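Following: one structure in C-alpha cells, then a few remarks.
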2 protein chains.
Amino acid sequence: MSGDEAGTAREEVIESMERSAEVYGLSRSAGRVYGVLYFAAEPLSIPELVEETGYAKSTISNVTRRLTRIGLIRRRSSGGGGRRVRFEPEADLWFVVRDVFQQHVAREMGTTRRTLDRSLSRLDDEDTTTRARIEALAATYDEFETLLELAMDHSVTELIDAIEAYEDD
Amino acid sequence: MSGDEAGTAREEVIESMERSAEVYGLSRSAGRVYGVLYFAAEPLSIPELVEETGYAKSTISNVTRRLTRIGLIRRRSSGGGGRRVRFEPEADLWFVVRDVFQQHVAREMGTTRRTLDRSLSRLDDEDTTTRARIEALAATYDEFETLLELAMDHSVTELIDAIEAYEDD
DNA sequence: CTGTTTGTTCGGCTCATTCCGAACAACCAG
DNA sequence: CTGGTTGTTCGGAATGAGCCGAACAAACAG
C-alpha cells in the first residue's frame, strides 16, 4: 500500500479544493465532496459520501444537487434500476467554467442588457448625458457578450492558439 | 428638465446594478454606490454619497474601501489638500475584470498549483492512480493559467478579433 | 405486509455578513 | 483653543448561509 503518502497527498489536494470552492462562491462541503469524488475509483452514492466526508446525509443531499446543477458532478442513475444514485466528477473543468458562464454570467448580462434597452426607450432625446452613460454601458455589455459567446465555442487550447496567432500579427 | 424620465431610467439601471453586484459576490450597497457614482456629473464625497444613497456614513466608508480595492471606483485625493476625499467610477469595466482575475483567480490558481506540486513530490512512484489524477489537475491549471495570462494582456476587441481570425483558419 | 435502505425535506442551531448608530480621530475656520 | 466637518473604527441588531438531526417518502427484500 506504499505507506500513507497517497492518503496525505489526497487530503492536501482536497483541502485545497475546499479553499478554491470558497473563492468561487461555493461552500467548503462542496469542495470536499467534489474532491472525494475526484479521487474515488468509481462513482459514489450518498451513504458512501457521508462515510467519506463526515458530513450529514442531508448536507450531502443538498450539496450534490447544487454541484449537479453547476455541472461539477454528474448523477448516474446507476444500472439495475435501484433507487441508489451514484455521482461521478466532471473531469473536464473547462466544461464547468463554460456552463457557469452560460448559466449565470450570460443570464445576468441578458437581463441587464434588457433593462438598459428598456431604460433607453423611456428616455427623452434631451437627456443626453444620462442617455450617453447608459449607451456606453450597453456597448460594453455587448462587447462582453460577443467575446463570451465566441470563447465558449472553443477549447482552452484553441483559445490559446488563437491569441498566440494574433500576437504574431 | 424634461420630466423625470432621466431619473426613473437612472434608478432602473442602478437597481439593475444592485442585482448584478449580488451575482458577482458583492453587496447591494456596493452596486448602488457604484451606480450613483457612474451617473454623477463629478466625483462625490462620502457625505454626498450618504445623501444620494441613503446609507449610513459607516456603510459608505466600508463599501468605498471595498470597491476601491476591487478597482471599481477610484479615490481622488482631490486638490486643495483638504481632507475631503472624492470617488469616481472606473468606466472601463474590462480593467475591473482584469484586476479581479489577477487578484483573486490568478492568486487562487497560484496557491493551488503550488499545493499540487508539493503533493506530487510527496508521492511514491507506486501511487500511480493518485499521481495521475493530481497530474491531470495540474495540467488543467497550467492551461488555464496560460490562457488567462494571455487574455489579460489584450483588450476585449483584440480578443474578439483574435478568435474570429482563428475561426477563419 | 413488514422491515431495511436510500434519498429528500423540514425545523432548528451557529456563524458570517450587512448595515446601522455612536464614539473616535483628523483636519480646517474662526 | 473651540466648534464644525469629514472620514474611520467599534459594538450590536437583523438577515442569510451552512450544517445537522429528525421526520418523511420511495423503492426493494424477505
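Since the model is a prediction, treat every value here as computed from it, not as a measurement.
- For B:Ser61, a side-chain nitrogen or oxygen approaches OP1 or OP2 of D:dT8 to under 4.0 Å.
- Ring orientation note: the planes of A:Phe144 and B:Trp94 are tilted relative to one another, at an angle of 30° to 60°.
- Neither side chain, A:Tyr166 nor B:Glu164, offers a donor N or O lying under 3.5 Å from an acceptor on the other.
- B:Thr112 and A:Ser20 share a side-chain donor-acceptor pair at under 3.5 Å.
- Looking only at distances, no side-chain donor or acceptor of B:Arg28 sits under 3.5 Å from a matching main-chain atom of B:Ala21.
- Counting only heavy atoms from C-beta on, B:Arg84 has its side chain closest to D:dG7 among D:dG7, C:dT9, D:dT9.
- Side-chain N or O atoms of B:Arg32 include none that pairs as donor or acceptor with a backbone N or O of B:Thr53 at under 3.5 Å.
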Nucleotide N/O to protein N/O under 3.5 Å, stretch nucleotides 16-20 of chain D:
{"residue": "D:dC19", "atom": "OP1", "partner": "A:Ser29", "partner atom": "N", "Å": "3.4"}
{"residue": "D:dC19", "atom": "OP1", "partner": "A:Ser29", "partner atom": "OG", "Å": "3.4"}
{"residue": "D:dC19", "atom": "OP2", "partner": "A:Ser29", "partner atom": "OG", "Å": "2.3"}
{"residue": "D:dC20", "atom": "OP2", "partner": "A:Ala56", "partner atom": "N", "Å": "2.8"}
{"residue": "D:dC20", "atom": "OP2", "partner": "A:Thr59", "partner atom": "OG1", "Å": "2.5"}

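- Atom CG in A:Leu44 sits roughly 15 Å away from atom C1' in C:dT6 (whole-Å rounding).
- Rounded to an integer number of Å, the gap from CZ of B:Arg32 to P of C:dC20 is 12 Å.
- Atom-to-atom, CD1 of A:Ile46 to C1' of D:dG21 comes out at 16 Å; the value is rounded to the nearest Å.
- For the pair A:Arg98 and A:Phe101, the cation does not sit on the ring face, since its NZ or CZ is not both under 6.0 Å from the ring centre and inside 45° of the axis.
- Distance from the side chain of B:Pro47 is smallest for D:dT6 among the nucleotides C:dG7, D:dT9, D:dT6.
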